[in-house]
Amino acid sequence: MATSQIEYFDLRKAVGKNRLIGLWRALQGYHLHYLGANISLGVAALAKTSVYLLLRYFVDHNLIANDQTYPIPLIALGFLLLAGVEGTFSFLSGILASQSAEGVIRRFRNFFFDHIQRLTFTFHSRTETGDLIQRSTSDTDAVRRFYSEQGVGIGRIAFIFIINFIALLNLNTQLALISIIVVPVILLTSLFFFKKLTKIYEKFQEQDAIVSTRLQENLTGVRVVKAFARQDYEIGKFDIENKEKYRRGVQLSMMHSLFWPLSDTICNIQIIGGLLLAGTLAIKGTISVGDFLAYSGLIAWIIYPLRNLGRLIVQTSTALVSFDRIMKIVREEQEPLTTGSVLDTPLKGNITFKNVTFAYEDGNNALDDVSFHCEAGWRVALLGSTGSGKTTLVNLLPRFYDYDSGSIQVDGHELNTLARVYLRQNIGIIEQEPFLFSRTIRENISYGVERPVTEAEVIAAAKAASIHDSIISFEHGYDTIVGEKGVTLSGGQKQRVAIARTLLKNPKILIMDDSTSAIDADTEQQIREALESLMVDRTTFIIAHKIQSVRDADLILVMEDGRITQSGTHSELVQLDGMYKRIFDIQTSIDAELEKEISYVR
């Protein structure tokens, strides 16, 4: 994993039962910044409290007692200095908190992005893309807000409460004790709403992920939607999920709406009661006018932050839910890419399957007692109906999945003892539906090669895949930006760019999953001619549905329901009763009829 230029933190270190401890662990490297942000808020709070104490001194000594020990200009300067200290340290706290929050979340995103790439194919087959996007964006942002707002906000309130309570005790012990009667009530109310909101917000985020998934699927398949004029059907499906999100969102808003009036009422009762008592004591002469004015500011400076503490506690529930959702993915085991052996000698491509059985998570065997052997450089063709196990078989070779029983050997070495990264560096795959990145054509062709690639190598691969002439016809040639999923290219052009990408990688084992399905007959013939020389000394697996694509193979495997029902060469299988002969007869008949129709047109 190249992390030398990337700020990286292994989030698995933050996994634990206590989410708050996990959030603190995730701050590793930013602990001092975050503590500095909270301490700065404490200094700002001390300066604010000192303003009220200075006000008390000013009223009692300068105004009432006419004591000019500290003249009014000096007192005014004190107010300005305190305001400056409060503003400076509040600003410093904001800077430190922002640096901590953004730095930590940058590492969150880096790890999450990298972690998702390294999870198993099994995980990705059962997890929706929209849900992962939701966790990496919305949930991550909720955690960022916790660090930048809620975490430091709770620290700020703690400092404010402690400093101002000490100041109140200095004014009058009775007033101080009466002024915090409401504190347990506010805390208990906040904890009650915290528990309620945690459950509601978790359900809301789950539904939000479903809505994101529906949107992602619709945008991905927008051409199909338009082609079948199914816009009304799609908005109907989307509205069902969106309406459920609306319902859960209303529940969430209702809980917030209940909390604020309730907390405001409790806080205002406390403030009014405190001011009435303080006013009574001032009238009786128990406390001075300056004490009363100072108390008026200090009680508000205690109660309203406590009200905000309730808000922060409630909002923290959303951050903890989001952190939990992120950690659920972090807990998933990464695919061990480097675990296993790396052969000292170059891979040749001798492959043996012996009684191999494999089942996906549903428990049904996708492959059942599969056995065959091919020599290095052979072309092995896989023929069968959809779901017969052809793609599953080739997916075992790069260890996208590990077989349950039996044995697969590559050059005499058990497959599951070889490192995945080694196998994938030596295996090239051309998918049935190729994926191109939104980058230049040059970048797409050279994507599979880790070493620096020359222009001549890129062009040679493109020529071998019969795509060079098409590329140079574009205004920017090889620097043409390919649109999302290659939408600026035709289906055949995308397929040929994918073939060029695999050819440049120069793997010892080549897997072609019906890779000529999107190519016209003339181009297909050009590619086949180019591949003839390139397939020399390269073990090639060809998945196809047309006999024409597999008849020159050294070994043809006919698959039905996860089993190999026939194996041999074309000349052998065409003489035997079975699926291969039936497919051959049907396709031969269709070709003959088509040729006959064409001859009539001529």
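Only this structure's heavy atoms are used, side chains among them; waters, hydrogens and symmetry mates stay out.
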Salt bridge or not for [X] and [Y], using N-O below 4.0 Å?
| X | Y | result |
| --- | --- | --- |
| Arg582 | Asp585 | no |
| Arg118 | Asp114 | yes |
| Lys328 | Glu202 | no |

Donor-acceptor contact below 3.5 Å, side chain [X] vs main chain [Y]:
| X | Y | answer |
| --- | --- | --- |
| Arg420 | Pro336 | yes |
| His115 | Ile329 | yes |
| Asp404 | Ala359 | yes |
| Asn426 | Tyr422 | yes |
| Arg501 | Leu436 | no |
| Gln566 | Leu557 | no |
| Ser571 | Thr569 | no |
| Thr127 | His124 | no |
| Asn444 | Phe437 | yes |
| Ser322 | Ala319 | no |

Taking side chain as C-beta onward, heavy atoms only, is [X] less than 4.5 Å from [Y]?
| X | Y | result |
| --- | --- | --- |
| Asp139 | Phe112 | no |
| Val143 | Ile105 | yes |
| Leu393 | Val356 | no |
| Ile133 | Ser212 | no |
| Phe541 | Leu397 | yes |
| Trp24 | Leu27 | yes |
| Thr391 | Ile543 | yes |
| Ser138 | Gln205 | yes |

Nearest heavy-atom pair of [X] and [Y]: which atoms, and what distance?
| X | Y | value |
| --- | --- | --- |
| Met579 | Val558 | SD-CG1, 3.7 Å |
| Leu503 | Ala461 | CD1-O, 4.3 Å |
| Phe9 | Arg25 | CZ-O, 3.5 Å |
| Ala419 | Val342 | CB-CG2, 4.3 Å |
| Glu333 | Thr120 | O-CG2, 4.3 Å |
| Leu504 | Ser446 | CD2-CA, 3.7 Å |

Heavy atoms from other residues, nucleotides or ligands near CG of Asp561 exceed 12 (cutoff 6.0 Å):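 Atom CG in Asp561 is not crowded, with 12 or fewer foreign heavy atoms closer than 6.0 Å.
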Atom CG of Asn18: over 12 foreign heavy atoms under 6.0 Å: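 Buried by this count: over 12 neighbours within 6.0 Å.
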Non-neighbouring partners of Tyr233 that pass side-chain hydrogen bond (donor to acceptor under 3.5 Å, both in side chains), sequence neighbours left out: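 Scan of Tyr233 (side-chain hydrogen bond (donor to acceptor under 3.5 Å, both in side chains), adjacent residues dropped) gives none.
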Under the rule for salt bridge (Lys or Arg N to Asp or Glu O under 4.0 Å), what residues qualify as partners of [X], not counting sequence neighbours?
| X | value |
| --- | --- |
| Asp369 | none |
| Asp131 | Arg135, Arg325 |
| Glu244 | Arg247, Arg248 |
| Arg424 | Glu335 |

Phe111/Ile326 under side-chain contact (heavy atoms from CB on, under 4.5 Å): CA gap, chis, key distance, verdict: CA-CA 11 Å; Phe111 177 84; Ile326 293 171; over 6 Å; no
Quick one: [atom1] on [X] to [atom2] on [Y], what's the gap to the nearest 0.5 Å?
| X | Y | atom1 | atom2 | result |
| --- | --- | --- | --- | --- |
| Lys245 | Phe204 | NZ | CZ | 5.0 Å |
| Arg399 | Leu423 | CZ | CG | 7.0 Å |
| Gln231 | Asn218 | CD | CG | 9.0 Å |
| Asn506 | Gln425 | CG | CD | 13.0 Å |
| Ile427 | Ile509 | CD1 | CD1 | 4.5 Å |
| Leu573 | Ile556 | CG | CD1 | 5.5 Å |

Partners meeting ring pair (Phe, Tyr, Trp, His ring centres under 6.0 Å) with Phe323 (sequence neighbours left out):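 Phe323 satisfies ring pair (Phe, Tyr, Trp, His ring centres under 6.0 Å) with no residue once adjacent residues are dropped.
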Any side-chain donor near an acceptor of the partner, Thr392 and Tyr401, under 3.5 Å: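 No donor-acceptor contact under 3.5 Å links the two side chains.
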Flag for Ser407-Glu414: side-chain donor and acceptor within less than 3.5 Å: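 Yes, side-chain donor-acceptor contact under 3.5 Å.
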Within residues 554-574 or reaching into it, pairs that qualify as ring pair (Phe, Tyr, Trp, His ring centres under 6.0 Å) - sequence neighbours excluded: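 Counting only pairs at least two positions apart or across chains, the ring pair (Phe, Tyr, Trp, His ring centres under 6.0 Å) contacts touching residues 554-574 are His570-Tyr580, His570-Phe584.
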Name all residues meeting the side chain to side chain contact (heavy atoms under 4.5 Å, CB included) criterion together with [X]; count only those two or more places apart in sequence or in a different chain, and write none if there are none.
| X | answer |
| --- | --- |
| Asn350 | Lys348, Glu375, Ala376, Asp411 |
| Ala462 | Ile445, Ile467, His468, Ile471, Tyr478 |
| Ser371 | Asn355 |
| Ser388 | Ser385, Lys390, Met559 |

Ile441 and Phe474: CA distance, side-chain angles, deciding distance, side-chain contact (heavy atoms from CB on, under 4.5 Å) verdict: CA-CA 11 Å; Ile441 294 176; Phe474 299 140; 3.8 Å; yes
side-chain contact (heavy atoms from CB on, under 4.5 Å) evaluation trace for Asp402 with Phe358: CA-CA 8 Å; Asp402 280 335; Phe358 170 77; over 6 Å; no
Test log, rule side-chain contact (heavy atoms from CB on, under 4.5 Å), inputs Leu396 and Leu367: CA-CA 10 Å; Leu396 296 182; Leu367 295 177; 3.5 Å; yes
Pair listing, salt bridge (charged side-chain N to carboxylate O under 4.0 Å, His left out) test, anchored in residues 435-453, at least two apart: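 Salt bridge (charged side-chain N to carboxylate O under 4.0 Å, His left out) check on residues 435-453 returns Arg442-Glu455, Arg442-Asp479, Arg451-Glu457.
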